[in-house]
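Below is one structure; the comments refer to it alone.
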Amino acid sequence: MAAASCTVWDSVLELTKSAQVKHCDPQLWAIQLSSNLNSAGVDLPSMELAHLLVSHICFDNHMPITWKFLDKALSFNLVPPLLVLALLSTRVVPNRQLHPSAYRLYMELVKRHAFSFSALIAAPNYQLIMKSIDDAAHLSQIFGVQLCEPGFLLVEFVFSIVWQLLDASLDDEGLLELGAEKNSRWLPRPEGMEIDGHENFSEKRNEHHEGLHKVNITMAIELIGEFLKNKLTSRLLYLARQNMPSQWGGFFEQLQLLVVHSAALRNSKHITPDAFLQLTSDTRRVLSRECKTISQHEFHAVMFSGSLKSSVGQCHGASQSAVWLPIDLFLEDTMDGSQVTTTSAIENLISLVKALQAVNRTTWHDTFLGLWIAALRLVQRERNPSEGPVPRLDTCLSMLLSITTLVVANIIEEEESELIDETQQSPTNQRKKKQGKRRKGLITSLQLLGDYEGLLTPPQPVSSVANQAAAKATMFISGLTVSNGYSMSINDMPVNCSGNLRHLIVEACIARNMLDTSAYLWPGYVTLANQVPRSVPSQTLGWLSLMNGSPLTPSMINILVSTPASSLPAIEKIYEIAVDGSDDEKISAAAILCGASLVRGWNIQEHTILFIIKLLSPPVPADYSGSESHLINYAPLLNVLLVGISSVDCVQILSLHGLVPLLAGALMPICEAFGSAVPEVSWTLPTGEEFSCHAVFSNAFTLLLRLWRFDHPPIDHVMGDVPPVGSHLSPEYLLLVRNSLLSSLGTSTRRQLRRRRFSKILSLSVEPIFMDSFPKLKLWYRQHLECIASTFSGLVHGTPVHQIVDALLNLMFRRINRGVQPSTSTNSGSSLSSGPGAEDAQARLKISAWDILEATPFALDAALTACAHGRLSPRELATGLKDLADFLPASLATIVSYLSAEVTRGIWKPASMNGTDWPSPAVNLSSVEQQIKKILAATGVDVPSLSVGGTSPATLPLPLAALVSLTITYKLDKMSERFLTLVGPALNALAAGCPWPCMPIIASLWAQKVKRWSDYLVFSASRTVFHHNSDAVVQLLKSCFASTLGLSPPHISSNGGVGALLGHGFGSHLSGGISPVAPGILYLRVHRSVRDVMFMTEEILSLLMHSVRDIANSAWTRGAMEKLKKSKYGMRYGKVSLAAAMTRVKLAASLGSSLVWISGGLNLVQSLINETLPSWFISVHGLEQEGGESGGLVAMLRGYALAYFALFCGTFAWGVDSESAASKKRPTVLKAHLEFLASALEGKISLGCDWATAWAYASGFVCLMVACTPKWVPEVDVDILKRVSKGLRQWNEEELAVALLGLGGVGAMGAAAELVIEIGL
């Protein structure tokens, strides 16, 4: 067989040589050759013939006749064209200097044969041809990708042709040396070539030779332009650009060299450098396609019509401001003081902002403007708040001026760090300072922000600071120098310096190096004053004196505590004093750190918090040799810090910065050490306050408990359904998050940037901490869980615990003379009447706090039992509990957990709140219930079963009555606040789980005690309704959709938008009643108490579908549809109506997805995409089948609404990139969902919904994923992408199918290329 084959090719070579000598007609040669090969049984086109002819020509037979033979062989399809080009490219291009005519002929063949591939991919030996091309051109070796898929090799080959022509052109003009790669990978230097070694068609370096050489350069450049212009090859090159970024980067750098330096390109008559560059930067967006039908065209056109071009202010309806609704909801949700989170609001907000920017396809200046406005709306809603123990204005201002600015800083730094990396890798651009689009977007957004005066009015507490910021800018413009600070005397302030919140935002951005002082020169930023002071202090006296080395004096300390530090060096100075100063100086420095610098030092807030946490973990002195913990020696410093950060706003600010896990890691050693110490010594602060180790322990312990859902109702621990999101927090979990956070500080780009901003004098220990390091705390936590799960038993008479119980009971009930016995395992017990005196009891309780906490549940059980049997009056019980809490405030934790568990068990008889035995709510209970009714009615919620003004006596479960009686014995002062903030949320959560009207009774009792909290208490009580009534939750969700979309019923006046959903914050109190609450605010405060989150997801999905129907019906009434059909401009108006409807549909989807994400987080979103949505598509929706023309539009709108809904949910939970930890779970969920889509498109799954809905969802979701989240696509298995792509083609979505495959990585690139060729894009 081999011999026969040799005979065939020998005869072919003889035929060719003979024809060459005789100068035969090339066509006759081709006919004869074709006949001979057919007779010999050779399959055509023949790869062997291609090798033979190219080898024959190059270069022993390089003459015109042989090239004509080759051309005819190509024309007669005797040889594969691309294989010929591949063989020639490795021979001709490297030798183009010696053989310019061959190079010219090669380029002519490229023009003819390198732009058509249909015949190739249809050939039966397509794969063999591409393998031969790979071997000939060394594609796999040069590109470094070992993938033998023919479509992939085809893209590589086209890319290689263009790149080789580019390098040849650079080399010919002497420009190749300017690039990073001095030697081209495509131009191996020829070896051993003789310049004058050819007799026939010889080419010597004469004038003709040089002229041809110059023409070749121009021709090669223009040929590159043709590849970039051609519809087919440009798409193939774009596939290479998408999936081979490192190779494309090298190619593009060479291309830039050509554009900048090439004389041939500048002199070309057919293409200009600018046009050349435009071709290379053209991304050929895959979604700007000609659709097959009018309906497809209309819907796809409006899918991405959401660019922000007009006002994003606080306006109504489905306005441009509404595209940022998820940010408003997220910010408001973070203000819920009942939830302390372990994750940073900064990280979550970065992910959310990037997601919305991607899905809304907005510019960065629009995105930042939307973010600023949402944060400003948050502040304005707190302008006239009702008083209560919840985070307020300080937390809102921190969100605006610290958290939001850090979010913007991270987003900007992320882009510019990438630009720096690119610059470092590109020697030609090393000296160019690059400013990214995001920084420019920030500048534009802040310039535009000045148009929203209504949002910029500063709250009264910070108006003077805003005025100082404006004065600083005025002085700068006037030529006066001002250093870092901008605090000044009111007397020194220029006249007419009226500052607003934009001035504070700009100062925050300047402090974080996002802006410079040129911002002061923006038009309208400040109004020049009529009079400017001759000299203005650059800082307040205290901070200036401190930085100049003055010692801390009482007057200076007062100034520093009440005035925030203006710069990082100032706060670093205070930290150094806290570490190295005298004992009194350390205490003063700690007080300064926990003062205004923590709460309103927005520009250095995160540094202040980290310094405080570091001070809470002092190192072991090198010379320390004591037996007890070294922390005991730091008691005064630690106590000042613990008290200083315990306010509601401080804890919430810590939570916003995501530093709760670090704080927990610092608090646990303090609890362990001081809880184990015996209070034999005490300390006295400079203020004269005396405290013991019990006080330090109580302050640390109660603060630690507030960092997880300690107040969560015990019933959630013993019932089978899923508790609300976040309830799984525990000390162990906090430590796990802390360890993970510290270990990953340098792993992601975002966290590296964050660590780079840390103070240089701050060092954080990254050593992991585990609960086993804290045996006493671990033992207490186990007892806490046991208390929740079961009743106490096993107290043995005469044991140390029993003796402590006796001492506790003597302490609690020393004023009475009736016996209260602890339960024991025997019938004997000690009663107070025969016990020792109160003084002796206190002496006996000079033991560790952990020992007292271990005995406390038994003492509580004895006291509650005595009260239930009438041996102890309710008043005496409350007084005894208060005495116990005063003796050891940490015991409040055990009191709360014990009484909560007893309420859940339901074994105690109700307590009659009649004013005789227990306090009575009768004075205002009816009023409170009426106000609750008003709140619910104002939000569209009607609960007929809600009893108001009943005649039955008010009762509470006995343990709950004891707990509320204890709380109302406290005075509302600063000392009591930090303990009430522990008990209050637990009391609310516990009462919410009890039968109606327990919560109104408690609200009534507290409203009698603190009248100024009345509105807050009534609002809190109204939330209980949703805990008991799922229908009320549905009504509230419906009201949220209706108010946002402007579809509210007549009795609720609403034009829709953010203001309707969340309120404007400017409303005054109604006469004789509470001001109405916006439905969104109410939902954000109740969703954590709704136990069945899956139920909420299904209801949100159902409401979304009903909202789409209502939107469509309002956009296309029957009369309007008739007029539309008759109108001359019906199509135009139809598109306008469609676009308006799609805008509202998108708003509804963003609202629904925000509610799902906020309500259930990552797990609920994944459940939605994996389970709820597929189930919805499979189920039959009989009630949703609308007829007529509008019915078809409704069905399609529903599909697009679901597409947006799913994508919004995914981007909120996972992000658009891979920065977050949650993104690691994305591939699994996406794979399952796209597999479902593929099966649906293939007809393997029977769908219950309208086909138009299914089509719109499938095409819409893929369309959005391709356009908005392209980084998701490569995470999906290539086989699934191919199945989805095939299904889309069956539904006439060819270009979308190509776009999907094009983003699937190198594994899908071949299939994408073949599809591009097949459909002729």
Side-chain angles (χ1 to χ4, degrees), residues 340 391-395 397-398 402 461 540 542-543 546 552 554 556-568 570-618 631 634-657 659-660 662-667 670 674 683 685-687 689 691 695-696 698-704 706-707 759 762 973-979 981:
V340 176
R392 285 304 181 199
L393 184 60
D394 283 331
T395 306
L397 288 170
S398 291
S402 182
T540 54
W543 287 106
L546 175 75
L552 292 176
M556 183 192 294
I557 292 169
N558 291 335
I559 292 173
L560 300 185
V561 168
S562 60
T563 308
S566 56
S567 64
L568 180 57
I571 210 70
E572 286 176 338
K573 180 79 171 178
I574 292 296
Y575 172 73
E576 289 172 341
I577 293 173
V579 173
D580 301 321
S582 65
D583 290 344
D584 286 347
E585 285 178 334
K586 288 180 179 180
I587 292 172
S588 299
I592 294 168
L593 283 173
C594 298
S597 295
L598 172 60
V599 178
R600 292 189 177 172
W602 304 299
N603 303 336
I604 42 92
Q605 196 168 63
E606 71 276 21
H607 302 291
T608 305
I609 296 171
L610 287 171
F611 283 138
I612 291 172
I613 293 174
K614 180 65 176 177
L615 288 174
L616 287 170
S617 305
L631 295 174
Y634 292 91
L637 173 68
L638 296 176
N639 197 61
V640 171
L641 292 169
L642 293 169
V643 172
I645 62 174
S646 62
S647 71
V648 173
D649 276 301
C650 283
V651 172
Q652 199 66 13
I653 289 169
L654 278 159
S655 174
L656 293 180
H657 282 279
L659 296 173
V660 162
L662 297 188
L663 177 61
L667 291 176
I670 297 174
F674 285 89
W683 298 269
L685 294 175
T687 59
E689 178 187 349
F691 64 95
V696 180
S698 292
N699 289 328
F701 188 61
T702 52
L703 182 56
L704 176 63
R706 290 165 59 191
L707 303 186
S759 169
L762 180 69
D973 54 29
K974 195 169 184 180
M975 182 178 293
S976 300
E977 179 192 354
R978 59 181 180 270
F979 301 122
T981 51

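Reckoned from all heavy atoms, side chains included, excluding hydrogens, waters and symmetry mates. Positions are given from 1, in the same order as the sequence printed here. Note that the structure is predicted; figures quoted are calculated from it, not measured.
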Checking I670 against L704 for the side chain to side chain contact (heavy atoms under 4.5 Å, CB included) test, could you report, in this order, the C-alpha distance in whole Å, the side-chain angles of both residues, the deciding distance, and whether it holds? CA-CA 10 Å; I670 297 174; L704 176 63; over 6 Å; no

Set out, in order, the CA-CA distance, both residues' side-chain angles and the distance that settles side chain to side chain contact (heavy atoms under 4.5 Å, CB included) for I577 and L546, then state yes or no. CA-CA 11 Å; I577 293 173; L546 175 75; 4.0 Å; yes

Could you walk me through whether F611 and L616 pass the side chain to side chain contact (heavy atoms under 4.5 Å, CB included) check? CA-CA 9 Å; F611 283 138; L616 287 170; over 6 Å; no

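For Y634, there are no ring-ring contact (aromatic ring centres under 6.0 Å, His included) partners at least two apart in sequence or on another chain.
More than 12 heavy atoms of other residues, nucleotides or ligands sit less than 6.0 Å from atom CG of N558.
By the 4.5 Å heavy-atom criterion applied to side chains, L667 and L707 are counted as neighbours. Looking at heavy atoms from C-beta onward, D583 lies out of side-chain contact with P636 at the 4.5 angstrom threshold. Two residues are said to be in side-chain contact when any heavy atoms from C-beta on lie closer than 4.5 Å; F701 and V696 fail this criterion. Side-chain contact between L560 and L552: present, with at least one pair of heavy atoms (C-beta onward) separated by less than 4.5 Å. Residues L663 and V651 have side chains not in contact (no heavy-atom distance under 4.5 Å, counting atoms from C-beta outward). Looking at heavy atoms from C-beta onward, L598 lies in side-chain contact with C650 at the 4.5 angstrom threshold. A 4.5 Å side-chain heavy-atom check between S567 and I604 finds every atom pair outside the cut-off. Between I653 and I609 the shortest side-chain heavy-atom distance falls below 4.5 Å.
Considering every non-hydrogen atom in both A565 and A570, the closest pair reads CB-CB, 4.1 Å. L638 approaches L615 most closely through the heavy-atom pair CD2-O, 3.8 Å.
Between W683 and F674, the ring-plane angle classifies as perpendicular under the 30° and 60° cut-offs.
Applying the side-chain hydrogen bond (donor to acceptor under 3.5 Å, both in side chains) test to every pair with at least one member in residues 642-655, sequence neighbours left out, gives these pairs: T341-S655, T395-D649.
Considering V643, L637, N639 in turn, L637 is the only one that fulfils the side chain to side chain contact (heavy atoms under 4.5 Å, CB included) rule with L641.
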